[in-house]
J.: 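Attaching a single structure in structure tokens format; questions to follow.
When reading the values below, keep in mind they use all heavy atoms of this one structure, side chains included, and skip hydrogens, waters and symmetry mates.
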Amino acid sequence: MTHSDPRPVDILLKTAEKSLNLSFDDGLKAILPAEYLRVWAPSADVAGHGGEDRKIVPGKAQVGIIRLEPVGHYAVRIVFDDGHASGLYTWRYLYELATTYEEKWALYLKGLADTGLSR
């Protein structure tokens, strides 16, 4: 990670709203739903090995976040209420998820539709 990479200055878990509210040092603010974070998890079982075999994860519309676990000064582990807790959400990856939300969400919904799966 380079010095110019945006870093979160505030991370707020909104359990009832099932979202993560983020503020970055470059001024970007984002609200990322738990479902979005879960289906775009950076773990091998979702992203595939090397990120090339991303899997569509259905049935996560009601998923919530139990807790956040800091990992050093560069990432957070998100523990979801469906038992998923693998994969580290680096600051860079959270920023990417925040800035590409519409594109990634549309891609996910298309993947569900293409495979006959539901949220």
Side-chain angles (χ1 to χ4, degrees):
M1 187 154 57
T2 66
H3 180 67
S4 63
D5 284 336
R7 299 179 56 85
V9 293
D10 192 30
I11 300 174
L12 181 61
L13 174 58
K14 303 289 272 186
T15 308
E17 291 86 354
K18 296 184 179 187
S19 68
L20 195 60
N21 294 15
L22 300 161
S23 297
F24 288 88
D25 60 3
D26 69 349
L28 177 73
K29 293 184 185 308
I31 298 172
L32 302 180
E35 179 185 9
Y36 175 68
L37 292 164
R38 175 64 177 86
V39 302
W40 284 98
S43 57
D45 63 323
V46 174
H49 296 280
E52 287 124 29
D53 299 319
R54 178 160 288 283
K55 295 172 180 65
I56 299 296
V57 181
K60 299 302 175 186
Q62 299 304 315
V63 75
I65 299 171
I66 295 173
R67 69 180 176 279
L68 305 175
E69 299 174 350
V71 179
H73 295 289
Y74 68 95
V76 66
R77 179 181 331 282
I78 300 176
V79 179
F80 295 92
D81 62 9
D82 68 351
H84 186 81
S86 61
L88 300 180
Y89 292 78
T90 63
W91 304 150
R92 180 180 289 175
Y93 188 58
L94 284 171
Y95 192 84
E96 176 188 329
L97 289 174
T99 57
T100 60
Y101 174 82
E102 289 183 23
E103 173 187 335
K104 286 186 182 304
W105 187 246
L107 187 62
Y108 173 67
L109 294 177
K110 181 180 182 322
L112 288 174
D114 289 350
T115 55
L117 300 171
S118 65
R119 294 178 49 210

J.: Write down the atom of V76, the atom of P70, and the distance for their closest heavy-atom approach.
T.: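 Reported closest heavy-atom pair: CG2-N, 4.2 Å.
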
J.: Looking at I78 and I65, what are the two nearest heavy atoms and their distance?
T.: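 Looking at all heavy atoms of both residues, the shortest contact is CG2-CG2, 3.7 Å.
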
J.: Checking S23 now: which residues fulfil side-chain contact (heavy atoms from CB on, under 4.5 Å) with it, not counting sequence neighbours?
T.: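 S23: side-chain contact (heavy atoms from CB on, under 4.5 Å) contacts with V9, D10, K29.
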
J.: Do side-chain atoms of T90 reach the backbone of Y93 as a donor and acceptor pair under 3.5 angstrom?
T.: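 Checked: pair present.
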
J.: Which residues pass the side-chain contact (heavy atoms from CB on, under 4.5 Å) test with K60, not counting sequence neighbours?
T.: E35, R38, V39, V57, V63, D82

J.: Under the side-chain hydrogen bond (donor to acceptor under 3.5 Å, both in side chains) rule, collect the residues that match up with K110, sequence neighbours excluded.
T.: D114

J.: Rounded to the nearest 0.5 Å, how far apart are CD1 of I56 and OG1 of T115?
T.: 6.0 Å

J.: Is it true that a side-chain atom of Y36 and a backbone atom of K104 form a donor plus acceptor pair closer than 3.5 Å?
T.: no

J.: Using the test side-chain hydrogen bond (donor to acceptor under 3.5 Å, both in side chains), find all partners of S19 that sit at least two apart in sequence or belong to another chain.
T.: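 With neighbours one apart ignored, the set is N21.
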
J.: Just verifying a value: how many Å separate L12 CG and L20 CG, rounded to the nearest 0.5 Å?
T.: 8.0 Å

J.: Does I31 have more than 12 heavy atoms from other residues, nucleotides or ligands lying within 6.0 Å of its CD1?
T.: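 Open: at most 12 neighbouring heavy atoms sit under 6.0 Å from CD1 of I31.
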
J.: Suppose we screen for ring-ring contact (aromatic ring centres under 6.0 Å, His included). Which residues come up paired with Y89, at least two apart in sequence or across chains?
T.: none

J.: Can you pull the ring-ring contact (aromatic ring centres under 6.0 Å, His included) pairs that have at least one residue in residues 12-31, sequence neighbours excluded?
T.: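 Every ring-ring contact (aromatic ring centres under 6.0 Å, His included) pair that includes a residue of residues 12-31, provided the two are not neighbours, is F24-Y95.
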
J.: Under the side-chain contact (heavy atoms from CB on, under 4.5 Å) rule, collect the residues that match up with L109, sequence neighbours excluded.
T.: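 So L109 forms a side-chain contact (heavy atoms from CB on, under 4.5 Å) with W105, L112, R119.
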
J.: Checking side-chain contact (heavy atoms from CB on, under 4.5 Å) for the pair R92/Y74: CA distance, chi angles, key distance, verdict?
T.: CA-CA 8 Å; R92 180 180 289 175; Y74 68 95; over 6 Å; no

J.: Going by salt bridge (charged side-chain N to carboxylate O under 4.0 Å, His left out), name the residues that satisfy it together with E69, two or more places apart in sequence or in a different chain.
T.: R67, R77

J.: Might you point out which heavy atoms bring W91 and A75 nearest each other, and give the distance in Å?
T.: CH2-O, 3.5 Å

J.: Suppose we screen for salt bridge (charged side-chain N to carboxylate O under 4.0 Å, His left out). Which residues come up paired with K14, at least two apart in sequence or across chains?
T.: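 Salt bridge (charged side-chain N to carboxylate O under 4.0 Å, His left out) check on K14 returns nothing, list empty.
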
J.: So which residues get pulled into V79's cluster when ILVMFWY side chains under 4.5 Å apart are joined, directly or through others?
T.: I66

J.: Any idea which heavy atoms bring L94 and L32 closest together, and the distance?
T.: O-CD1, 4.2 Å

J.: Who are the side-chain contact (heavy atoms from CB on, under 4.5 Å) partners of Q62, not counting sequence neighbours?
T.: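 Q62 satisfies side-chain contact (heavy atoms from CB on, under 4.5 Å) with K18 only.
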
